[in-house]
Amino acid sequence: MSLLIHNTLSRKKERFEPIDPHNVRLYVCGPTVYDFAHIGNARPVVVFDLLFRLLRRIYGPDHVTYARNITDIDDKIIRAAKKEGKDISVLSKRYTDIYNQNVKDLGALEPTIAPRATDHLPAMIRMIEKLVNSGHAYAAEGHVLFDIGAMESYGKLSRRNREEMIDGARVEVAPYKKDPADFVLWKPSTDDQPSWDSPWGRGRPGWHLECSCMIEEHLGTTIDIHGGGVDLVFPHHENEIAQSESAHGEPFVRYWMHNGYLNMAGQKMSKSLGNIETIDGLLKKHRGEALRLTLLSAHYRKPLDFSDELVRQQKKRLDRWYRITDGAEACEVPQALIAALEDDLNTPRALAVLEDLATPEGAGELKAGAQFMGLLMQTNEDWFKGRLKGGATIKLEVTGKLSATDESIDALVDERIEARAAKDFERADAIRKQLEGAGIEVEDHPDGTSSWRRRD
């Protein structure tokens, strides 16, 4: 079976045919680095990481180029940096580093390229000049704006009518605009805002322009797949199409892929509702693999109702899989799993394949299939003792409970073994209760030894 992708542009599943099988090009919109990324930002990371893995399997690891950008020029960053009294580069580096570690903890492979907007100002100015010279953009009062009236096909991705476009873009109705829906390519900066020289005066680029130019510079004028959250369809991706196709006179993206919203308690996450959960905060409560499996548990195009309870359920599933695969060698990735993923990343079906293999006889295939999806990547000892990659240990942050480092647990377990050997069962029972209070399960073995594991 060949790869099928639901193309947002056509609203149907299509057989994927790359422009060049020796250089399959994928671009996914990354974060605006002004604060901690929230768990909704993690969904496209995990979804398109899985697509990256699948493309590498089909076309070969050396024949797939995956770019995931960092937006480090934005009014949100400027406001946050001003509030902290810091340069935007300091703030953006801090949150870029945190984001990169967070997504690594979610099991995401590093993209081939991670371009930063601030490294692409010359390319942005060149594209604006092309658009002005071709009549697709115009300068007005220090701004340069894209003229949507100059592009007949504007709106083909989102399929919105004019009123929906204006409302959805939250555009500034300004007297210097030819049309209220015209969007900014370049805008002037005040003396206390970051700025760069340009033919239109010192200023900074518009958000939409940044991705178009990073794609052009690293992947070319036409790419295979562009991904992101469904919230980016309009205005961001619509405006990327407008800029790039008007500048180059050729198709911009062949296949558009968008993941669905992530909801909290049935409501879309929003700061106004106060239901935002950051990736960083969740990683202090849950294992990265459990969060990853949670994000893959629903089909990527469907909404996902996220909750701590759902993560705990997925963690229990991983516990079971780790026990089944203990000592097993990974064999071939099950073809049924690959077939499920080749059908528009049907992860629920892929996970059902793994569940069918969750037996002692299927342990090798279970391990291979799960690892292909970025799961079961730890040793059993590290998983059950709560160790993260790199040797760090998950800290239990429950008031009144034991500070449960590996060393303190090992010492108590050893003391308990000695107490049992000396028939001091009162002391042995007290230690077991102390460990249970810290979320530690102890298992005694017939030879007199004991082992332990963490309970999230």
Side-chain angles (χ1 to χ4, degrees), residues 36 39 42 98 101-102 104-107 264-265 275 277-297 305-327 358 370 374-421 424-456:
F36 292 98
I39 189 63
I98 293 170
Q101 183 58 54
N102 286 166
K104 183 178 179 181
D105 290 340
L106 293 176
M264 304 291 286
N275 62 355
E277 289 261 25
T278 68
I279 308 172
D280 200 65
L282 285 165
L283 284 166
K284 290 179 170 61
K285 298 191 291 183
H286 302 291
R287 314 287 178 87
E289 280 190 21
L291 290 168
R292 181 183 180 89
L293 181 53
T294 302
L295 294 170
L296 293 174
S297 62
D305 287 324
F306 184 90
S307 67
D308 284 330
E309 179 56 32
L310 180 58
V311 182
R312 285 191 285 269
Q313 291 172 11
Q314 301 307 323
K315 193 267 179 183
K316 288 178 182 177
R317 185 195 296 207
L318 288 167
D319 284 346
R320 181 163 46 83
W321 288 357
Y322 267 105
R323 290 189 184 101
I324 290 169
T325 57
D326 189 13
L375 304 166
L376 302 189
M377 302 302 292
Q378 299 185 52
T379 66
N380 278 51
E381 181 183 13
D382 283 351
W383 174 259
F384 285 114
K385 289 192 175 182
R387 295 197 189 106
L388 301 172
K389 290 180 180 178
T393 304
I394 293 175
K395 302 295 190 299
L396 298 176
E397 299 180 349
V398 182
T399 304
K401 287 189 178 180
L402 177 72
S403 175
T405 63
D406 280 6
E407 293 76 13
S408 65
I409 297 167
D410 286 337
L412 277 172
V413 170
D414 288 344
E415 184 181 343
R416 182 173 174 276
I417 291 170
E418 291 173 6
R420 291 176 69 224
D424 186 353
F425 298 115
E426 184 177 350
R427 176 59 182 152
D429 287 345
I431 293 172
R432 176 186 280 278
K433 289 178 181 177
Q434 186 179 9
L435 289 166
E436 287 176 349
I440 307 300
E441 295 178 358
V442 180
E443 183 177 355
D444 297 323
H445 305 294
D447 62 0
T449 63
S450 299
S451 59
W452 61 269
R453 63 182 51 162
R454 292 180 188 272
R455 182 181 66 247
D456 283 3

_Between Ile279 and Phe36, is the side-chain contact (heavy atoms from CB on, under 4.5 Å) condition met? List the steps._
CA-CA 7 Å; Ile279 308 172; Phe36 292 98; over 6 Å; no

Practice task
May I ask you to decide whether Asp444 forms a salt bridge with Arg420, counting only side-chain N to carboxylate O separations under 4.0 Å?
Solution key: yes

*Do you see a donor-acceptor pair shorter than 3.5 Å between the side chains of Tyr322 and Glu289?*
yes

Q. Can you find a heavy atom in the side chain of Ile440 that is under 4.5 Å from one in the side chain of Arg453?
A. no

Those residues at least two apart in sequence (or on a different chain) that pass side chain to side chain contact (heavy atoms under 4.5 Å, CB included) with Glu443 are His445, Ser451

Tightest non-hydrogen contact, residues Ala42 and Leu106, listed as CB-CD1, 3.7 Å

Closest heavy-atom pair, Leu283 versus Gly288, reported as atoms and distance to 0.1 Å, is CD2-CA, 3.7 Å

Result for side-chain contact (heavy atoms from CB on, under 4.5 Å) between Ser297 and one of Arg292, Gln314, Arg317 points to Gln314

Residues at least two apart in sequence or cross-chain that pass side-chain hydrogen bond (donor to acceptor under 3.5 Å, both in side chains) with Glu441, listed by chain then number, are none

Query raised in the report: Is Glu436 salt-bridged to Lys433, going by a charged N under 4.0 Å from an acidic O?
Result: no

For a side-chain contact (heavy atoms from CB on, under 4.5 Å) check, start with the C-alpha distance between Leu282 and Asp308, then their side-chain angles and the critical distance, and finish with the verdict.
CA-CA 9 Å; Leu282 285 165; Asp308 284 330; 3.9 Å; yes

Determine whether a donor-acceptor pair (N or O, by modelled atom type, separation under 3.5 Å) exists between the side chain of Arg454 and the backbone of Lys385. yes

Sorted by chain and number, sequence neighbours left out, side chain to side chain contact (heavy atoms under 4.5 Å, CB included) with Asp305 holds for Asn263

For Ala290, the side chain to side chain contact (heavy atoms under 4.5 Å, CB included) test, sequence neighbours excluded, returns Arg287, Val311, Lys315, Leu318

Please check if atom CD in Glu426 has more than 12 non-hydrogen atoms from other residues, nucleotides or ligands closer than 6.0 Å. no

Hits for side-chain hydrogen bond (donor to acceptor under 3.5 Å, both in side chains) against Arg323, two or more places apart or cross-chain, chain-then-number order -> none

Contacts of Ile324 meeting side chain to side chain contact (heavy atoms under 4.5 Å, CB included) (sequence neighbours excluded), chain-then-number -> Arg320, Ala358, Ala363, Leu366

Heavy-atom donor-acceptor pair, Arg416 side chain to Ala428 backbone, under 3.5 Å = yes

